[in-house]
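So the structure is just underneath, and the comments pick up after that.
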Amino acid sequence: MKKSGPPGTYEIIWETVRLIPRGRVASYGQVAVEAGLPGQARLVGYALHALPPSSGVPWHRVINSQGKISFPPGSPAYSRQRLLLQREGIVLEDGKIDMKRYGWLRKMHIR
DNA sequence: AACGTGACAAGGC
DNA sequence: AGCCTTGCCACGT
């Protein structure tokens, strides 16, 4: 929050998140890679946390590598994100999102 | 200026 | 599948 972080690190992450199409999701790790910051998934979470309200950035389309919402289940934030996702047609099955079906670029979930 | 923390991730057990 | 450890790096104390 507040403070113009380092010259552009957050902005770069935010802009990358803006690229995620409606109805799709991406993991923190993938956003980091797409933003040119490989291995810095944690920084993505920090940047989203610092996201100003009404920014228009689709933060809810970012979930963790397990296909889950990275908020404590049952918490207000969890419900908020789940609602926003459902409004885009993204349904959680057993608390998880099918990356194969909703994953952005589908580069994720390699194994 | 050091230290602990966090909307993560991957690897070991 | 679950828990712990390590790597990462910007932030607030």
Side-chain angles (χ1 to χ4, degrees):
Chain A
M1 49 284 252
K2 95 280 275 0
K3 193 72 113 311
S4 50
T9 302
Y10 287 175
E11 284 77 5
I12 291 172
I13 292 173
W14 295 338
E15 288 308 304
T16 301
V17 174
R18 281 182 194 282
L19 299 178
I20 305 173
R22 190 170 185 295
R24 296 286 182 103
V25 297
S27 70
Y28 293 87
Q30 181 171 32
V31 169
V33 171
E34 294 298 318
L37 301 168
Q40 298 182 93
R42 205 158 192 176
L43 189 54
V44 172
Y46 208 96
L48 292 184
H49 185 260
L51 199 58
S54 316
S55 62
V57 174
W59 58 269
H60 57 285
R61 294 174 191 154
V62 184
I63 59 180
N64 64 34
S65 64
Q66 301 177 74
K68 299 178 183 176
I69 288 175
S70 282
F71 281 118
S75 67
Y78 182 98
S79 301
R80 204 142 49 226
Q81 184 166 10
R82 186 182 55 184
L83 174 61
L84 289 170
L85 288 173
Q86 294 185 314
R87 284 172 54 185
E88 300 191 353
I90 299 173
V91 183
L92 285 73
E93 299 172 29
D94 289 323
K96 295 182 295 184
I97 293 173
D98 185 346
M99 309 297 262
K100 289 296 185 184
R101 183 159 53 167
Y102 304 110
W104 178 44
L105 303 184
R106 220 173 298 146
K107 288 178 181 175
M108 50 208 330
H109 198 295
I110 306 169
R111 58 172 303 163

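In what follows, chains carry the letters A, B, and so on, assigned in the order in which the sequence lines appear, proteins first and then strands, with residues in each chain numbered from 1. All values below were derived from every heavy atom in this structure, side-chain atoms included, with hydrogens, water molecules and symmetry-related copies excluded.
- Taking the ring pair (Phe, Tyr, Trp, His ring centres under 6.0 Å) definition, one finds that A/W14 meets it with A/Y10, sequence neighbours left out.
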Which nucleotides of nucleotides 7-13 of chain B have their base under 4.0 Å from a protein heavy atom (B), which only their sugar-phosphate (S), and which neither (-), written as one string 5' to 3'? BBSS---
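- For the salt bridge (Lys or Arg N to Asp or Glu O under 4.0 Å) condition, the pairs that include at least one residue of residues 13-31 of chain A, sequence neighbours left out, are A/E15-A/R18.
- One atom, OH of A/Y10, and another, C1' of B/dG6, lie 11 Å apart when rounded to the nearest Å.
- Identified under the salt bridge (Lys or Arg N to Asp or Glu O under 4.0 Å) test for residues 39-49 of chain A, with sequence neighbours left out: none.
- For the side chain to side chain donor-acceptor pair (under 3.5 Å) condition, the pairs that include at least one residue of residues 87-99 of chain A, sequence neighbours left out, are A/H60-A/E88, A/R61-A/E88, A/E93-A/R101.
- The ring-ring contact (aromatic ring centres under 6.0 Å, His included) analysis of residues 65-99 of chain A, with sequence neighbours excluded, yields no pairs.
- B/dA1 sits 22 Å from C/dC8 when the P atoms are compared, rounded to a whole Å.
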